[in-house]
2 protein chains.
Amino acid sequence: MNDESLREAGLKVTIPRVKILEILTANKQRHMSAEDVYKTLLTQREEVSLATVYRVLTQFESVGIVMRHNFEGDHAVFELKENEHHDHLVCVRCGKVEEFVDETIEKRQQQIAKQANFKMTDHALNIYGLCGTCQ
Amino acid sequence: MNDESLREAGLKVTIPRVKILEILTANKQRHMSAEDVYKTLLTQREEVSLATVYRVLTQFESVGIVMRHNFEGDHAVFELKENEHHDHLVCVRCGKVEEFVDETIEKRQQQIAKQANFKMTDHALNIYGLCGTCQ
DNA sequence: AACTTAAATGAGAATCATTTGCATCTGGGC
DNA sequence: GCCCAGATGCAAATGATTCTCATTTAAGTT
C-alpha cells in the first residue's frame, strides 16, 4: 500500500498511481468505482484524467494490488486486496457492503472444484439482501 | 416455460416473447447473452429487434422467468430460472459454466446473513478456474 | 545535472452493451 | 371487426470503459 508495492510490481512510481493508491487506502472499508476514485481526485485538486484512473486500476488489478468486482452489471468496483480472502454481503437497497470469511464454506468450495475437475483460480460469494438499516 | 408462464406473469403472449422463451428453453445448459439470443433469432429468420430482446429479457427477469448473471463485467448472461437454486463453476478460459448445489454452503450462508442482520434476498457463489479441458 | 528512452499520461474520439423516445403495430377483451 | 393499452422497431441517446496519439516523465546512464 505504498510506493514500494508499485516498484515491486514493476510499475513506475508516478503521481497518479501514488494518489490513487492513497485514495484506495483511505477508503478500505468501501468499494470504489473508477468514477468514485476520479471524483475524489478532483476534490483534491489532482489533475488526473479519468482514462488514467481506468488504466491504473486495471494495472493494479493485474499485478494483484486490487480486486475488481461486478456486483452491479453496469460498472465495476475495486477494493485493495489485503492478504486474506473474503466474501461479501451486499445490501440491494443502499449498496452497503460487508465482508466476511467462513472456513466451512471455503473448504467446501475447494472440494466442489476438485470434484468437478476444475482447477480453482478464484471464487466469489455474494449474499444479497437488506441490511439492518434498510429493512 | 410456455405461453402459460407468460400469461401468468401478466405479459401478452407475443411472437418475440414466445420465440425468446423457446430459445432459452432449447439452451437450458448454456447461459445466453442478449446478443446470443438475438443471433439465434436471426438464424431462425425471426424479425425481432435487439432492443426488444433486451426489453423482453429484462421483463422475464423481473417476473422471475429468468435470472441475470454478471460473470463478466462487460455483458450480462441469462438462464431460465428452474425451481432449484444453484451456484456456478465458471471456466475462465473457455467460458463453460457448470452448476452445482451444496447444502452445507446453503445453510452456512443463511446463518451468516442472519448473524450480520441481513435479510437475504438472493445469493450467488461463483467458483472461477480452469475446467478439465482447458487445464 | 543533463541525456535518453520506454513507459505513462491527457484529451478526446471510439467502442460496446444497454436503454430510450417515439411513431407504428398488435394481442385479446368487447 | 373495433378498440386501446401494451408491445415493438428503429434510430438516436447513454454510460461505462477503452483506445489513439501527441506530449510528458520516471529512472537509469554518462
Side-chain angles (χ1 to χ4, degrees), chain A residues 2-23 31-42 44-63 65-78 95, chain B residues 2-24 31-42 44-63 65-79 95:
Chain A
N2 51 54
D3 295 5
E4 275 319 303
S5 24
L6 292 179
R7 260 186 275 273
E8 285 166 17
L11 297 175
K12 284 186 183 175
V13 179
T14 65
I15 309 285
R17 286 178 181 152
V18 172
K19 290 296 173 190
I20 292 175
L21 203 43
E22 283 179 10
I23 290 174
H31 288 67
M32 306 190 84
S33 66
E35 195 70 34
D36 290 336
V37 172
Y38 180 62
K39 283 183 190 146
T40 306
L41 283 166
L42 288 185
Q44 301 180 359
R45 306 202 207 315
E46 289 298 336
E47 303 273 321
V48 177
S49 78
L50 184 54
T52 296
V53 173
Y54 275 103
R55 274 186 293 233
V56 170
L57 287 174
T58 299
Q59 291 166 330
F60 281 7
E61 181 193 15
S62 59
V63 299
I65 293 181
V66 304
M67 169 152 259
R68 180 194 302 259
H69 296 289
N70 294 122
F71 296 139
E72 335 258 320
D74 66 341
H75 69 285
V77 291
F78 302 80
Chain B
N2 51 55
D3 295 4
E4 275 318 304
S5 23
L6 292 178
R7 260 185 277 272
E8 286 166 17
L11 298 175
K12 283 186 183 175
V13 179
T14 65
I15 309 285
R17 286 177 182 154
V18 172
K19 290 296 172 190
I20 292 174
L21 203 43
E22 283 179 10
I23 291 173
L24 291 175
H31 287 68
M32 304 190 85
S33 67
E35 195 71 34
D36 290 337
V37 172
Y38 180 62
K39 283 183 190 146
T40 306
L41 283 166
L42 288 184
Q44 302 179 359
R45 306 200 207 314
E46 289 298 337
E47 302 273 323
V48 177
S49 77
L50 183 53
T52 295
V53 173
Y54 274 104
R55 274 187 290 233
V56 170
L57 287 174
T58 299
Q59 291 166 330
F60 282 6
E61 181 192 16
S62 58
V63 299
I65 293 179
V66 304
M67 170 152 259
R68 179 194 303 258
H69 296 290
N70 293 122
F71 296 140
E72 335 258 320
D74 65 342
H75 70 284
V77 291
F78 301 81
E79 69 170 326

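None of the values given here were measured: they were computed from a predicted structure. In what follows, every chain begins at residue 1, and chains take the letters A, B, ... in the order their sequences are listed. The figures that follow rest on heavy atoms only: side chains count, while hydrogens, waters and symmetry mates do not.
- Using a 4.0 Å heavy-atom cutoff across all strands shown, Glu47(B) reaches sugar-phosphate atoms only and no base atom.
- Scanning both residues, Ala34(B) and Leu50(B), for their nearest heavy atoms gives O-CD1, 4.2 Å.
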Once base and sugar-phosphate atoms are separated, protein heavy atoms under 4.0 Å mark nucleotides 20-28 of chain D, 5' to 3', with B, S and - as B-----BS-
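- Regarding contacts with the backbone of dT18(C), a side-chain N or O of Tyr54(B) is found under 4.0 angstrom from either OP1 or OP2.
- Remark: C1' of dT15(C) and CG of Asp74(B) are 11 Å apart, rounded to the nearest angstrom.
- Checking dT18(C), dA8(C), dT17(D) against the side-chain heavy atoms of Gln59(A) singles out dA8(C) as nearest.
- Under 4.0 angstrom from either OP1 or OP2 of dG9(D) there lies at least one side-chain N or O belonging to Ser49(B).
- Rounded to whole Å, the distance from CG on Asn70(B) to P on dA17(C) is 14 Å.
- Checked against dT17(D), dG9(D), dT9(C), the side chain of Arg17(A) finds its nearest nucleotide in dT9(C).
- When the P atom of dG28(C) is taken as reference, atom CD of Glu4(B) falls 11 Å away, rounded to whole Å.
- Of the candidate nucleotides dT9(C), dA16(D), dT19(C), dT19(C) has the atom lying nearest to any side-chain atom of Thr58(B).
- Looking at every heavy atom in both residues, Thr40(B) comes nearest to Asp36(B) through OG1-O, 2.8 Å.
- If you take CG of Leu6(B) and C1' of dG28(C), they are 14 Å apart, rounded to a whole angstrom.
- A donor-acceptor contact shorter than 3.5 Å is absent between the side chain of Arg17(A) and the backbone of Val56(A).
- Computed from coordinates, the Phe60(A) CZ to dT17(D) C1' distance equals 18 Å when rounded to whole Å.
- Of the possible polar contacts, none joining the Arg7(B) side chain to the Val13(B) backbone as a donor-acceptor pair under 3.5 Å is found.
- Contact record, Leu57(A) with Val66(A): O-CG2, 3.8 Å, taken as the closest heavy-atom pair.
- Comparing Gly10(A) and Ala76(B) against DNA chain C, the residue whose closest nucleotide sits nearer the 5' end is Gly10(A).
- Look at CG on Leu50(A): it is 14 Å from P on dG15(D), rounded to the nearest Å.
- Across every non-hydrogen atom of Val53(A) and Ile20(A), the tightest pair is CA-CD1, 4.0 Å.
- In terms of heavy-atom proximity, Phe71(A) sits nearest to Val77(A) at CD1-CG2, 3.8 Å.
- Per the geometry, CZ belonging to Phe78(A) stands 13 Å off P belonging to dA16(D), to the nearest Å.
- The distance from atom CD of Glu35(B) to atom P of dC16(C) is 11 Å, rounded to the nearest whole Å.
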